[in-house]
Amino acid sequence: MATSVTSSNGGLRLIGGVGHQLRRQLTGVVGDSSLVVQFLCSAVCVGYLLSFSDRALSIFAILPGNLLPPNPWLWTLVTHVFVEVHWWVVLCDLVVTVLYGKLVEPLWGAVETLKFAGIVSLAVAVLTTLSHLFLFSVTGNSDLLFARHIHGLVGYVAGFSVAVKQYMPDYVLVNSPFGKVRNRHIPLVLVFVTVILRIALVVDFAFPIMFGWGILISWVYLRFYQKHKNGSCGDPVEAFSFASFFPSSVQPMLAVMSNMVFATLVRFRLCKKPLPRKTDSVSSSTVTVRLPGSDPHDAERRRHLALKALNERLGMSAPTISLAKAIPAKPLSVISAPTEKSSGNHEAAAATVSLGNRQGSSPETLSSSGFEIITTNDI
C-alpha cells in the first residue's frame with residue numbers, strides 16, 4: 001500500500017513538473033513577443049474562461065439572429081474573436097499568434113499585423129453570418145440563427161497559413177514516402193482537416209466555414225490590397241495566384257476561371273489591374289535589367305528566406321538578422337564596360353554588377369576570367 005501511494009505521488013510530481021516547465025516556456029515566449037502578440041494571447045485566455053458561462057458566451061459570441069435588425073448586437077463582431085470553448089483550440093491559437101510575432105510581424109510591422117487581424121476577423125464574421133442566413137433560407141432550420149455560435153480566431157489562423165505560403169512557399173515541412181509536404185500545401189490540407197473534424201463532431205458547425213472564408217479573405221487582401229513601403233499594393237507573383245492553392249492537375253482550369261473573375265472585378269473597379277513590369281531599357285552607356293520577381297517587395301522576401309536558410313545551415317545560435325531593416329531593396333542593374341585587349345590578342349569582357357548605390361560603401365571585388373564583380377554592403 002505504501003509503495004503504491006509513493007508511486008502515485010511520484011507520478012503527480014512528474015506531471016506537475018512537466019506542466020510547470022510548459023507554463024514557464026510559454027510565458028517566456030509570450031513575454032518576449034510584441035505588445036500585439038501579448039494582447040491577443042491574453043484576450044484569448046480571458047475569452048476561454050468566459051466561455052464556461054452560457055450567459056457570457058451568448059453576449060460575446062455571434063449568434064446570426066442577434067445581428068439582424070432592429071437591435072443588432074454589433075459589438076459581437078469584435079468580441080467573438082477572443083471566445084474559445086475548447087482548450088486545444090486555445091493552445092493552437094496561442095501557438096499561431098506567437099508564430100505571427102516571430103515570422104510575419106518582423107516583415108510587416110506591428111501595425112500592419114494588427115490591421116490584417118482586424119480585417120480578416122471582421123470579414124470572416126460577416127461572411128460566416130451571411131452563410132448561416134443563406135442556409136437558414138434554404139433549410140428553414142432556426143438553430144442556424146439562434147443556437148449556432150460564431151466565435152474564435154479561426155479566420156486569423158487560416159490567414160497565417162496563407163501568409164506563410166506567400167513568404168515561404170517551398171519550405172519543406174514533412175518528408176514522407178508519398179512526397180514532400182511544403183508550406184504551399186498547408187491551406188488546402190487544413191481545409192480538409194477542419195471538414196473532417198466537423199464530421200467527427202469535434203468542432204462547432206461554423207468552424208470549417210470560418211476557416212474557408214479566412215483563407216479566401218486573407219488571400220484577397222494580400223494579393224490585391226496590402227500596401228508596401230515602396231508604394232505598391234498586393235503581391236502579383238504567379239506563385240501566389242489563386243490556382244496555386246490547388247493541385248497542379250487542376251491549376252490550368254482554375255487559372256482560366258479566376259482570370260475571368262478578376263477581369264470582371266477590374267471592370268467594376270473592385271480590383272486594380274497590376275502595373276506592367278519594367279522591361280530592359282538600353283542607353284548608350286548602360287543596360288538595366290529588371291528580372292522577374294525582382295521588385296523590392298519580392299526581393300525583400302527572398303533575402304529574408306536566403307538568410308534564414310543560411311543561418312540554419314551554419315547552425316548559428318545568434319538571432320537571425322532582420323532583413324527588412326538590414327538590407328534595403330535595390331533593383332539589379334548590369335552596367336557594361338568597354339572591352340580591352342589582353343596580351344594574348346584575346347579580348348576580355350569586363351562587366352560590373354552593381355547592387356546598390358549608397359555613397360561611402362566599401363565594395364568587395366572579385367576577379368575571375370576577365371570578369372570583375374563588385375558588390376556593396378546594401379544589396
Side-chain angles (χ1 to χ4, degrees), residues 40 43-69 71-97 100 116-162 186-221 245:
L40 290 176
V44 169
C45 292
V46 172
Y48 173 66
L49 296 177
L50 291 175
S51 69
F52 288 96
S53 169
D54 293 337
R55 177 61 178 168
L57 184 63
S58 299
I59 291 176
F60 295 109
I62 292 177
L63 281 174
N66 290 340
L67 288 179
L68 298 176
N71 298 312
W73 293 14
L74 296 180
W75 67 86
T76 58
L77 293 173
V78 177
T79 58
H80 82 282
V81 177
F82 310 114
V83 178
E84 295 287 7
V85 297
H86 302 292
W87 65 268
W88 60 271
V89 177
V90 174
L91 184 60
C92 292
D93 290 346
L94 296 179
V95 171
V96 170
T97 302
Y100 260 111
F116 176 75
I119 291 174
V120 172
S121 299
L122 180 60
V124 167
V126 172
L127 292 173
T128 305
T129 300
L130 293 176
S131 300
H132 279 64
L133 293 174
F134 172 76
L135 293 175
F136 167 74
S137 66
V138 173
T139 63
N141 184 4
S142 61
D143 288 345
L144 291 168
L145 300 183
F146 300 104
R148 304 282 175 84
H149 291 93
I150 300 172
H151 59 81
L153 277 173
V154 186
Y156 189 57
V157 172
F160 176 75
S161 68
V162 176
I186 295 302
L188 187 61
V189 170
L190 290 180
V191 169
F192 285 109
V193 169
T194 58
V195 173
I196 292 173
L197 291 176
R198 175 54 197 167
I199 294 174
L201 301 179
V202 177
V203 295
D204 297 333
F205 177 80
F207 197 93
I209 300 176
M210 295 178 69
F211 196 92
W213 282 123
I215 287 180
L216 183 59
I217 295 302
S218 302
W219 174 78
V220 169
Y221 176 75
F245 284 81

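- A pairwise comparison of heavy atoms in Ala61 and Thr76 identifies O-CG2, 3.5 Å as the closest pair.
- How far NE2 of His80 is from CG of Leu57: 12.5 Å, rounded to the nearest 0.5 Å.
- Side-chain atoms of Tyr100 come within 3.5 Å of backbone atoms of Phe160 as a donor-acceptor pair (strictly under, hydrogens ignored).
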Give the table of side-chain donor-acceptor pairs shorter than 3.5 Å for residues 148-157, with sequence neighbours excluded, one pair per line with atom names and distance.
| residue | atom | partner | partner atom | Å |
| --- | --- | --- | --- | --- |
| His151 | ND1 | Val83 | O | 3.1 |
| His151 | NE2 | Asp204 | OD2 | 2.8 |

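- Put simply, the side chain of Leu68 reaches to within 4.5 Å of the side chain of Leu133, judged on heavy atoms.
- For Thr194, there are no side chain to side chain donor-acceptor pair (under 3.5 Å) partners at least two apart in sequence or on another chain.
- Scanning both residues, Phe60 and Thr79, for their nearest heavy atoms gives O-OG1, 2.8 Å.
- How far CG of Leu144 is from CG of Leu63: 11.5 Å, rounded to the nearest 0.5 Å.
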Determine, stepwise, if the pair Phe82 / Leu40 fulfils side chain to side chain contact (heavy atoms under 4.5 Å, CB included). CA-CA 8 Å; Phe82 310 114; Leu40 290 176; 4.0 Å; yes
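- Formation of a donor-acceptor pair under 3.5 Å by the Ser218 side chain with backbone atoms of Ile215 is not found in this model.
- Remark: the backbone N or O of Tyr48 is not paired with any side-chain donor or acceptor of Trp87 at under 3.5 angstrom.
- In terms of the ring-ring contact (aromatic ring centres under 6.0 Å, His included) criterion, residue partners of Phe205 (sequence neighbours excluded) are, by chain and number, His132.
- A heavy-atom distance below 4.5 Å is found between the side chains of Leu94 and Cys45.
- In this structure, SG in Cys92 is found 11.5 Å from NE2 in His86, a value given to the nearest 0.5 Å.
- You'll find the side chain of Ser131 reaches within 4.5 Å of the side chain of Trp213, heavy atoms only.
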Please step through side chain to side chain contact (heavy atoms under 4.5 Å, CB included) for the pair Thr129 and Ile62, ending with a clear verdict. CA-CA 8 Å; Thr129 300; Ile62 292 177; 3.9 Å; yes
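- Here the CD1 atom belonging to Ile217 is positioned 10.5 Å from the CH2 atom belonging to Trp219, to the nearest 0.5 angstrom.
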Would you sort out whether Val195 and Phe211 count as a side chain to side chain contact (heavy atoms under 4.5 Å, CB included), showing the intermediate values? CA-CA 10 Å; Val195 173; Phe211 196 92; over 6 Å; no
Can you list the steps and then say if Val202 with Trp88 is a side chain to side chain contact (heavy atoms under 4.5 Å, CB included)? CA-CA 11 Å; Val202 177; Trp88 60 271; 3.6 Å; yes
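- When side chains are defined from C-beta on, Asn141 does not count as touching Leu135, because their heavy atoms never get closer than 4.5 Å.
- Inter-residue side-chain proximity for Val162 and Phe245 is flagged as met; some heavy-atom pair is nearer than 4.5 Å.
- Within the 4.5 Å cutoff, no side-chain heavy atoms of Val44 are placed close to those of Thr97.
- To the nearest 0.5 Å, atoms CZ (Phe192) and CG (Leu197) are separated by 13.5 Å.
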